[in-house]
Asker: 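My questions will all concern the structure given below.
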2 protein chains.
Amino acid sequence: MPRPPTTQEFVLDELRKAIVAGRLRPRDPIRQDTIAHRLGVSRVPLREALKTLEAEGQVVYRPHRGYSVAEMSLADLLEVYRLRELLESEAAEAAVQRFTDAELTRVTDAQHDVEEAARTGDVIAMIAANRRFHFAVLEPCGMPRLLRIVGTLWDATDAYRAVYYNSEVNRVRVCHEHEAIVGAVRRRDAAELTAALTAHRQHTVESLEGTIDTREETDP
Amino acid sequence: MPRPPTTQEFVLDELRKAIVAGRLRPRDPIRQDTIAHRLGVSRVPLREALKTLEAEGQVVYRPHRGYSVAEMSLADLLEVYRLRELLESEAAEAAVQRFTDAELTRVTDAQHDVEEAARTGDVIAMIAANRRFHFAVLEPCGMPRLLRIVGTLWDATDAYRAVYYNSEVNRVRVCHEHEAIVGAVRRRDAAELTAALTAHRQHTVESLEGTIDTREETDP
DNA sequence: CAACTGTATATTGGATCCAAAATTACCGTG
DNA sequence: CACGGTAATTTTGGATCCAATATACAGTTG
């Protein structure tokens, strides 16, 4: 029986959604009183949710100065994608030999969800489905810590992802590249899979590079 | 100017120390009231510190059931060391070409601290110095997220590390292997450095394997 | 005697209140 | 007008209180 979510879980979810949807943008300070009041909760569960996001690198915290949405430099972006390359390659190689029929179905189901969202142009839904797709591919690797780390790396670029999916050509390209990934999984071809994933990431990071804010940080 | 630590920072520090020192052992439930009272603080900063430890995987959290110290299965241990191999190799290769004199000094300083602690048999001090040594080696890689992830992987085995350093022969071996690492850094030899680090990890994980508790988890 | 139900207790989750720190606004001074 | 210092305000940090949930136990029933 599923447990009703606690308030901090609810708040954590709302904050994540606000970040991917762009309602909370990089550098935005997070006024606890404002957000808590807006969500109809007290500051306590909000602060615990923020602690989680802080550990994931989604927000930054400075004692007595509060939390703000983390921003990425170009170097940060490249580092995240380099780390994803290292870890996802490891995961993909381990996963590709282990796929069960049920796990394969999860992949194709997510693939179709992505295509559906791409057609309708629902950027938020596409981001969520795309995440499900990629983790359905990696999940069978049997390395829970690796998946958790990749998850946080994935989250780290959430604030920048919506702009990418706003472009029709990007959405089409994503779907096309997903086909190559699914094909490699079906053929149980580790080299082909890692190559397809790497190419997929490469295209994304090239597009994202343009969206990085290059203003200088002012830190008195 | 250094800022006085906040209560949650103090609590986080105390919890970490309690875990490495074995005062909090894997599977131990963490009674918030007890711990908070023992540290002379309220439950609020304790809970925020626990959230941080949860995100790092040092404790596990189940809503309404509370926090307990995370335990590792053998598979967990092997995964952690596999991930460290992937990430530390990447870091070492990037770092080895960039060492400044100051950074090299940090390495040798930490090396001497390790040797001093090994001589006196101060296990806790040796664990801390050993961590400083390894991160002094990896630090110049210029990949902050990678270092943070490696840090959490490092922390994840803290609860199991003390038993390893309790053995005189292990302490001597560590010091000896550190010499090989320092030599590789001095010669700026990336292949030699990664090999030395990998061998060093391999010896540790083999020793740690024996300390893993293999009881079954009871989860009603 | 096992399984179930209701109740008491312990423990965590969340809200409110107060204290501490930082930011801002305001002034006087040069 | 710029600058420095100080008071007022805002915001966060922490403590306490109350509510909600889970656990333990007793009693009941088949």
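Both backbone and side-chain heavy atoms feed into the values below; hydrogens, waters and symmetry mates do not. Just so it is clear: chains get the letters A, B, ... in the order the sequence lines come, proteins before strands, and each one is counted from 1.
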Asker: Grab the CG-P distance between Leu39(A) and dG13(C) for me, whole Å please.
Answerer: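 In whole Å, dG13(C) P lies 19 Å from Leu39(A) CG.
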
Asker: Hey, are Arg132(A) and Asp113(A) close enough for a salt bridge, meaning a charged N less than 4.0 Å from a carboxylate O?
Answerer: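 Between Asp113(A) and Arg132(A) there is a salt bridge, with a charged N closer than 4.0 Å to a carboxylate O.
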
Asker: What is the distance from CZ of Arg3(B) to C1' of dA20(C), rounded to the nearest Å?
Answerer: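 Taking CZ of Arg3(B) and C1' of dA20(C), I get 13 Å after rounding.
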
Asker: So which one's nearest nucleotide on DNA chain D is more toward 5', Thr7(B) or Pro4(A)?
Answerer: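 Result: Thr7(B).
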
Asker: Could Arg131(B) and Phe135(B) be counted as a cation-pi pair, given that NZ or CZ must be under 6.0 Å from the ring centre and within 45° of the axis?
Answerer: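 Cation-pi check for Arg131(B) and Phe135(B): passes.
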
Asker: Check the distance between dT12(C)'s P and Glu54(B)'s CD and give it to me in whole angstrom.
Answerer: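 Distance, rounded to whole Å: 14 Å.
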
Asker: For the rings on His112(A) and His178(A), is their centre-to-centre separation under 6.0 Å?
Answerer: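 That pair fails the under 6.0 Å test.
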
Asker: Would you state whether a donor and an acceptor, one from the side chain of Arg65(B) and one from the base of dG13(C), lie under 3.5 Å apart?
Answerer: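 Checked by distance alone, the answer is no.
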
Asker: Can we say Asp13(A) and Arg16(A) salt-bridge, meaning some charged N sits less than 4.0 Å from an Asp/Glu carboxylate O?
Answerer: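 Here Asp13(A) does not pair with Arg16(A) in a salt bridge, since their nearest N and O are not under 4.0 Å apart.
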
Asker: Choose from dA15(C), dG13(C), dT23(D) the nucleotide whose nearest atom is closest to any side-chain atom of Ser42(A).
Answerer: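 Side chain of Ser42(A) sits closest to dA15(C).
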
Asker: Among dT16(C), dG13(C), dT12(D), which is the nearest nucleotide to the side chain of Gln32(A)?
Answerer: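 Looking only at heavy atoms from C-beta outward on Gln32(A), the closest nucleotide is dT12(D).
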
Asker: Whole angstroms only, please: what is the CZ-P distance between Arg43(B) and dG13(D)?
Answerer: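 The distance from CZ of Arg43(B) to P of dG13(D) comes to 19 Å, rounded to the nearest Å.
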
Asker: Assuming nearest nucleotide by heavy-atom distance, tell me which of Glu48(A) and His64(A) is located more 5' along DNA chain C.
Answerer: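 Upstream on the strand: Glu48(A).
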
Asker: Once you apply a heavy-atom cut-off of 4.0 Å, does Tyr61(B) come out as touching a base, just sugar-phosphate, or nothing?
Answerer: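 Here Tyr61(B) touches the backbone only, sparing every base.
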
Asker: Take the protein atom CZ of Arg62(B) and the nucleotide atom P of dT21(D), then report the distance between them rounded to whole Å.
Answerer: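 Those two atoms, CZ and P, are 17 Å apart.
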
Asker: For Gln8(A), which contact category applies under a 4.0 Å heavy-atom criterion: base, sugar-phosphate, or nothing?
Answerer: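 Contact class for Gln8(A): sugar-phosphate only.
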
Asker: When all nucleic acid strands are considered with a 4.0 Å heavy-atom cut-off, which category describes Leu50(A): base, sugar-phosphate, or nothing?
Answerer: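 Touches nothing.
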
Asker: Has the side chain of Arg47(A) got a donor or acceptor that lies under 3.5 Å from a partner of the other kind on the base of dG14(D)?
Answerer: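 Yes, a donor-acceptor pair under 3.5 Å.
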
Asker: Can you measure Lys51(A) atom NZ to dG13(D) atom C1' for me and round it to whole angstrom units?
Answerer: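 In whole Å, dG13(D) C1' and Lys51(A) NZ are 11 Å from each other.
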
Asker: Check whether any side-chain N or O of Glu93(B) sits under 3.5 Å from a backbone N or O of Glu90(B) as a donor-acceptor pair, and report yes or no.
Answerer: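 Between the backbone of Glu90(B) and the side chain of Glu93(B) there is no qualifying donor-acceptor contact (under 3.5 Å).
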
Asker: When all nucleic acid strands are considered with a 4.0 Å heavy-atom cut-off, which category describes Arg31(A): base, sugar-phosphate, or nothing?
Answerer: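 The answer is sugar-phosphate, as Arg31(A) gets under 4.0 Å only of primed atoms, P, OP1 or OP2.
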
Asker: dG13(D) P sits how many Å from Glu9(B) CD, rounded?
Answerer: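 Value for this atom pair: 10 Å.
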
Asker: Closest approach to the side chain of Pro45(A), judged atom by atom: which nucleotide of dA15(C), dT12(C), dA15(D) is it?
Answerer: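 Within the option list, the nearest is dA15(C).
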
Asker: In whole angstrom, give the distance that lies between atom CG of Asp33(B) and atom P of dG13(C).
Answerer: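 Taking atom P of dG13(C) as the reference, CG of Asp33(B) is at 12 Å.
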
Asker: Regarding Leu46(A), tell me which of base, sugar-phosphate or nothing describes its non-hydrogen contacts under 4.0 Å with the strands shown.
Answerer: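 No contact at all - Leu46(A) keeps every heavy atom at 4.0 Å or more from the nucleic acid.
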
